[in-house]
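Notes follow once the structure below has been shown.
Not measured: the values here are computed from a predicted model.
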Amino acid sequence: MEHSMCFIPHDILFLILIMARVKSLLRFQCVSQSWKNLICDKVFRKAHHDKSKTSSSKKLLLVQTNDGVFEFRDLENPKILMRKQKFPLKRFQHVPALCSCDGLVLLKSHLAYKLYTLWNPYTNEYGIYECPYVKPYSGTTPHACGFCYDSDVDDYKVILIYRSFYAVFYVTRNSWGKRSSLHIQELNVRSWECSPGINIEGRVFWSIDWRIHHLVGQTSKIIYFDVKSDELKELPKPDFIDENTRLYRLTSFKGHIGLYGGLISSKTFDLWIMEQDEWRLSMTINCNIYCERFIMNSVLLAECTNHDEILFQIRKVQSQYSVIYNSEQHGFTKEIQMSKDLRHYIIPIFSECIYFPKLNIMRKRKQFS
């Protein structure tokens with residue numbers, strides 16, 4: 001009787017388990033060898049990954065603290081700490097996360113001039129690889145990076161932008177490509193900071209003048225990586241950025257590339273999003289401080305599950321806060337202090353993922369509960 005109750009046809013079990021959370025799947029691997037084989041199967045993990053990307057389940061914040069710990073927090077209430085995790089290797093435990101995509105995180109050690117690692121914090125799988133185009137002991141740091149998924153070839157791509165070239169790493173193929181672009185020839189300063197790109201379906205965006213960042217003004221140029229052609233291209237600058245007294249910041253909002261900002265001396269700013277290759281004004285926000293100060297010290301993180309609320313990360317007096325703007329009430333309604341340390345404090349939007357693209361160099365450590 002016990003064995004008959006435990007038997008579930010493979011197809012039915014597949015459909016049941018694909019609905020489970022990652023934390024549950026990691027525990028279900030202990031039920032039996034057949035369950036473990038199914039959950040560890042690449043086809044199942046890819047199917048679960050694809051489903052989680054399109055689901056409406058709660059999203060998480062991945063908060064990196066100054067002691068190398070990553071904290072998983074609820075997007076709706078960042079004050080709630082759900083779990084903690086450290087990267088398995090010591091040399092990557094105190095380095096900043098450069099960017100993230102689909103629950104995978106890209107990190108780089110300050111001490112290794114060309115080593116990078118891709119990590120899944122939920123399963124603790126990771127791969128380490130090195131950029132072959134950087135000279136030994138040169139101290140060269142990329143000015144910008146990006147991380148995206150190409151559905152046409154079913155592969156993730158890492159983009160590293162240097163002063164005179166940019167490199168593309170094809171994760172599943174475990175291969176590199178090197179390209180040049182006129183858009184990055186104007187970079188003329190040495191920088192130890194690496195600007196993360198904003199990943200929107202099929203494109204990764206940055207703003208560029210004499211350096212790469214997310215601030216956009218009259219003299220700025222918006223560039224993007226086209227995942228289909230692997231080329232850096234220029235996005236026409238919107239007409240509303242027409243004078244030096246206006247400042248904007250690149251962001252993503254409702255699945256579109258966006259810009260928020262306006263007159264630097266104003267106490268309101270506009271949020272624009274691009275839909276069908278046209279810029280549309282989404283809303284005007286009252287920030288109660290000068291627009292320039294708000295734009296320089298804030299990052300729009302996400303639209304909350306309650307679509308009337310928007311989550312921002314803000315620096316205030318050497319501290320990091322998460323604040324929620326309510327569009328119906330036309331004001332900021334919640335403020336939560338997240339950290340008293342500004343160093344390497346990054347909050348990318350993060351979702352659960354059990355999938356990890358196969359690399360030639362890959363290890364797996366003990367999963368956390």
Salt bridge or not between [X] and [Y]? Use side-chain N to carboxylate O under 4.0 Å.
X	Y	result
Arg45	Asp41	no
Lys79	Asp74	no
Asp209	Lys221	no
Asp150	Lys228	yes

>> Using the rule given for side chain to side chain contact (heavy atoms under 4.5 Å, CB included), can you reason through Arg179 versus Glu231, listing the C-alpha separation, both sets of side-chain angles and the distance that settles it, and then say yes or no?
In response: CA-CA 8 Å; Arg179 295 199 175 199; Glu231 295 179 339; 3.4 Å; yes
If hydrophobic clusters are built by linking Ile, Leu, Val, Met, Phe, Trp and Tyr wherever their side-chain heavy atoms come under 4.5 Å apart, do [X] and [Y] end up in the same one?
X	Y	value
Leu98	Tyr162	yes
Ile241	Ile198	yes
Phe169	Val134	yes
Leu215	Phe269	yes
Leu250	Phe147	no

>> I'd like to know if the side chain of Ser100 and the backbone of Leu104 have a donor-acceptor N/O pair within less than 3.5 Å.
In response: no
For the residue pair [X] and [Y], what are the closest heavy atoms and their distance?
X	Y	result
Cys99	Cys145	SG-SG, 3.8 Å
Gln218	Asp242	NE2-O, 3.4 Å
Ser327	Tyr325	CA-CE2, 3.6 Å
Cys131	Tyr116	CB-CE1, 4.3 Å
Ala47	Phe14	CB-CZ, 3.9 Å
Met283	Phe253	CE-CZ, 4.3 Å

Examine the side chains of [X] and [Y] and answer whether a donor and an acceptor come within less than 3.5 Å of each other.
X	Y	value
Thr268	Asn286	no
Tyr156	Asp102	yes
Gln329	Asp308	no
Tyr149	Asn199	no

At what distance, to the nearest 0.5 angstrom, does [atom1] of [X] lie from [atom2] of [Y]?
X	Y	atom1	atom2	answer
Arg293	Asn288	CZ	CG	11.5 Å
Cys291	Met296	SG	CE	11.5 Å
Glu303	Ser282	CD	OG	8.5 Å
Gln313	Leu61	CD	CG	9.0 Å

>> Out of the candidates Ile128, Thr117, Leu107, only one should pair with Leu89 under the side-chain contact (heavy atoms from CB on, under 4.5 Å) rule; please name it.
In response: Ile128
>> Under the ring pair (Phe, Tyr, Trp, His ring centres under 6.0 Å) test against Tyr248, which residue among Tyr260, Phe240, Trp272 passes?
In response: Phe240
Validate the cation-pi geometry between [X] and [Y]: distance from NZ or CZ to the six-membered ring centre under 6.0 Å, angle to the ring axis within 45°.
X	Y	answer
Arg203	Tyr224	yes
Lys267	Tyr290	yes
Arg173	Tyr170	yes

Taking the side chain as C-beta and beyond, is there a heavy-atom pair between [X] and [Y] under 4.5 Å?
X	Y	value
Leu38	Leu13	yes
Met274	Leu235	yes
Phe332	Ile310	no
Met19	Lys51	yes
Val22	His48	yes
Lys23	Arg83	yes
Tyr129	Leu115	no
Ile212	Ile161	yes

> Can you check side-chain hydrogen bond (donor to acceptor under 3.5 Å, both in side chains) on Asp270 and Thr284, steps first, answer last?
Replying inline: CA-CA 4 Å; Asp270 297 325; Thr284 298; 2.7 Å; yes
> So Phe350 and Tyr122, would you call those rings parallel, tilted or perpendicular, with 30° and 60° as cut-offs?
Replying inline: parallel
>> Test side chain to side chain contact (heavy atoms under 4.5 Å, CB included) on Leu232 and Tyr166; report intermediate values, then the result.
In response: CA-CA 9 Å; Leu232 284 179; Tyr166 67 97; 3.6 Å; yes
Under 6.0 Å from the [atom1] atom of [X], do we count more than 12 heavy atoms belonging to anything else shown?
X	atom1	result
Arg280	CZ	yes
Asp239	CG	no
Glu243	CD	yes

> So Trp119 and Phe87, ring-ring contact (aromatic ring centres under 6.0 Å, His included) or not? Walk me through it.
Replying inline: CA-CA 8 Å; Trp119 177 44; Phe87 188 80; 5.2 Å; yes
